[in-house]
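Structure record follows, encoded as structure tokens.
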Amino acid sequence: MVALLSNINIDPIKGYFKEETYFAGFNQYTLELLDEESMLYSEKITTVILFIDGEEFLKDRVYEQLQNEEILTTANERITALLKVIEKYISSRKDVLFFINSIVLPVHSVTAFLTQNNTSFLDIESSINNRIKEMCKRSKNFLMIDWQTIVKNHGYSRLHDDKFWYLGRIKLNNKGLLLLTEGYCDLLNAYRGETKKVLVLDLDNTLWGGVIGEDGPAAIKLSEEGKGKIFRDFQKIIKLLKQVGIILCINSKNNKEDVNSVFKNHPMMILKSKDFVIKKINWNDKVVNMQEIANELNLGLGSFVFIDDNPTEREYVKKSLPAVVVPEFPQDITTLKVWFFESIIYKYFAKTYLVKEDLLKTNYYKNKLQRDAFSTQISFDEFIKNIEIKLKIYTNPKQYIQRISQLTQKTNQFNFTTKRYSELDIARYLEEKDCKIFALEYEDKFGQEGLTGVAILKVNFAKGESCLDTFLLSCRIIGKNVEQAFFYEILKRLKREKVRFIEINFSPTKKMT
């Protein structure tokens, strides 16, 4: 259940939230957080959302002249007091995820055009939000939604309505409530790891303007001016996605030689051929190409987002492969950048943290493809002998909490129970004496693969018994006898601690039945 608190009336948000919700009384958030008898301390509450309206947070002080430094002092005192209350709550409820928003202030100063002010609204916002960010760094279960950026992108006056405020203390209009709810849902999905792994792209009129086969490689629209700049900026954002661990692939009906010429010779190309793990550039059916990409990566189609400007191709892929996300492409190409951020990145590729494995994801999958190609040339036994596998196994490694959580959330292959665990869950397990977590690091002659295996066991040391709660391996290392080696090493380590019996739980998923 999600608890919603605020210093304004946000009850209408109920119409946008899919999860069961609890609404605290209007402006009662401090009392609710401090009262251990309140609903916030119930085991039903898994997530707490506190929305703070900046104007109400400072109240009449926002109408004072900004030369008065006391306004900044007041702001700092109030946010310090609030964060102390929140910190007390999340320390006692370590299993609860707590969301707050970055603070936004309206400009009320009658000296809005005076540039000599000692203190500005931006100074106050920055000071408050920096305090919130500092606490986010200290607390794993405390996250901030970037409401400030959302408001800047859409405009303060377009998301607020004074009529609703004076009539019912509802400050946000329907658009504001919708964007706020979407922001919370996107952040929650990112925290839970419910995001996509692969971005598959068409080429003509998607990565550049025009059609290579008709205009020629030199005449496509890709430049620092006009329409060409739109596509060049689009490529810059896609490049950033690749750098944070999103796998890029191409699925395009085109002549391969023409495309290679663009990648190699066009001076305005931001993306290079090496940025893409798999390139299906041919005249084959795009559905067939997509299935081949999934098979080669050994990933389910539910991990894919496909971007194509052609409505016919989009509809065909959408109907043939319903697991693939196929968003509508903007008709107005000037909105491409904003559309990609708000409708694609925030919804499907947002992350709340990065681990080492994310930064090297493209290399990891390229290594996998090289291994797969090598495995077809010799027998399995020769393959295992020749790739020089090295395994490193950690017991209860606190330094890898984020990566272990990430693996449980995203890995389906060789996953006995498909249980999904947050950072908070893993941190709690590591503190329990009857729990053992093993993590596996893989390397061979093709390269390092990072942390790619996890096992979680509940152990009764007194009886010498254990139960295997979770056992999973990344798809990149499946099929190399690693699972046997990992499990054997776990048995050895448990045996040294007098554990003689292991019960293995197995929960079939819909894909297995």
Side-chain angles (χ1 to χ4, degrees), residues 97 140-141 188-198 244-247 297-300 302-304 348-365 367-368 389-432 435-444 447-458 467-480 482-487 489-490 493 504-507 509 511:
L97 187 62
K140 291 186 184 304
N141 56 334
L188 191 57
N189 287 341
Y191 179 81
R192 292 171 174 169
E194 296 173 0
T195 50
K196 306 301 180 182
K197 298 179 181 179
V198 186
V244 297
I246 304 306
I247 304 164
L297 293 175
N298 196 17
L299 291 173
S303 298
F304 288 69
Y348 303 114
F349 296 116
K351 294 175 181 283
T352 56
Y353 59 82
L354 290 174
V355 296
K356 177 189 71 174
E357 285 79 3
D358 290 323
L359 305 178
L360 299 170
K361 193 65 66 69
T362 294
N363 290 338
Y364 289 156
Y365 274 92
N367 293 342
K368 177 197 177 302
I389 295 175
K390 296 176 185 176
L391 303 179
K392 196 171 186 178
I393 297 171
Y394 303 90
T395 303
N396 291 347
K398 292 185 178 181
Q399 69 272 31
Y400 294 127
I401 287 176
Q402 289 183 327
R403 176 57 178 166
I404 292 169
S405 167
Q406 189 182 69
L407 281 169
T408 67
Q409 291 168 351
K410 289 184 172 292
T411 306
N412 296 314
Q413 290 84 354
F414 219 88
N415 190 337
F416 285 2
T417 59
T418 59
K419 290 182 180 179
R420 310 304 188 188
Y421 291 121
S422 69
E423 288 182 68
L424 298 180
D425 297 325
I426 300 300
R428 189 174 67 251
Y429 279 148
L430 287 171
E431 295 298 323
E432 295 178 3
C435 185
K436 285 279 188 183
I437 297 181
F438 299 94
L440 176 142
E441 206 168 59
Y442 177 98
E443 181 182 356
D444 63 24
Q448 292 184 339
E449 291 297 318
L451 215 66
T452 45
V454 170
I456 301 174
L457 295 97
K458 304 292 180 62
C467 177
L468 187 64
D469 174 90
T470 297
F471 187 88
L472 57 87
L473 294 174
S474 166
C475 62
R476 302 194 305 272
I477 63 170
I478 292 287
K480 301 170 186 63
V482 174
E483 54 271 24
Q484 291 96 321
F486 187 27
F487 194 73
E489 182 60 28
I490 291 170
R493 296 189 185 191
I504 298 177
N505 289 329
F506 173 68
S507 301
T509 65
K511 291 182 180 180

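Taking 4.5 Å as the limit, every side-chain heavy atom of Q448 sits out of range of all side-chain heavy atoms of K390. Within the 4.5 Å cutoff, side-chain heavy atoms of Y365 are placed close to those of L297. Taking 4.5 Å as the limit, every side-chain heavy atom of V244 sits out of range of all side-chain heavy atoms of F349. Looking at heavy atoms from C-beta onward, N367 lies in side-chain contact with E449 at the 4.5 angstrom threshold. For the pair Y442 and L473, the minimum side-chain heavy-atom distance is 4.5 Å or more. By the 4.5 Å heavy-atom criterion applied to side chains, T195 and Y348 are not counted as neighbours. The side-chain heavy atoms of N396 and K436, taken from C-beta on, include a pair separated by under 4.5 Å.
Of the candidates I437, L430, D425, I404 forms a side chain to side chain contact (heavy atoms under 4.5 Å, CB included) with just one, namely I437.
Nearest approach of L407 to G453, heavy atoms of both residues: CD1-N, 4.1 Å. Taking each heavy atom of L457 and L468 in turn, the nearest pair found is CG-CD1, 3.5 Å. Shortest non-hydrogen contact noted between P397 and A439 is CG-CB, 3.9 Å. When all heavy atoms are compared, the tightest approach of L440 to I477 is CD2-CD1, 3.8 Å.
Of the inter-residue distances, the one linking K368 atom NZ with C475 atom SG reads 6.5 Å to the nearest 0.5 angstrom. For the atom pair Q406 CD and L451 CG, the distance stands at 10.0 Å (nearest 0.5 Å). Atom CG of residue N141 and atom OH of residue Y191 lie 7.0 Å apart, to the nearest 0.5 angstrom. To the nearest 0.5 Å, atom CD of residue E432 and atom NZ of residue K458 are 6.5 Å apart. Atom CZ of R403 sits about 10.5 Å away from atom OG1 of T408, to the nearest 0.5 Å.
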Practice problem: Assess whether side-chain contact (heavy atoms from CB on, under 4.5 Å) is satisfied between Y421 and V454, documenting all intermediate values. | Solution: CA-CA 12 Å; Y421 291 121; V454 170; over 6 Å; no
Practice problem: I would like to know whether Y400 and I426 meet side-chain contact (heavy atoms from CB on, under 4.5 Å); could you show each step before the answer? | Solution: CA-CA 10 Å; Y400 294 127; I426 300 300; over 6 Å; no
Quiz item: When you look at I393 and I490, which way does the side-chain contact (heavy atoms from CB on, under 4.5 Å) test go after all the steps?
Solution: CA-CA 9 Å; I393 297 171; I490 291 170; 5.6 Å; no
Quiz prompt | Audit row: Y429, T470, side-chain contact (heavy atoms from CB on, under 4.5 Å) steps and yes/no | solution = CA-CA 12 Å; Y429 279 148; T470 297; over 6 Å; no
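In this structure, F486 has its ring center closer than 6.0 angstrom to the ring center of F471.
Side-chain atoms of K196 come within 3.5 Å of backbone N or O of G302 as a donor-acceptor pair. With hydrogens and angles ignored, the 3.5 Å screen pairs a side-chain donor or acceptor of K480 with a backbone N or O of I478.
Between the side chains of T452 and R476, not a single donor N or O lies within less than 3.5 Å of an accepting N or O.
Within a 6.0 Å sphere centred on CD of E489, other residues, nucleotides and ligands contribute more than 12 heavy atoms.
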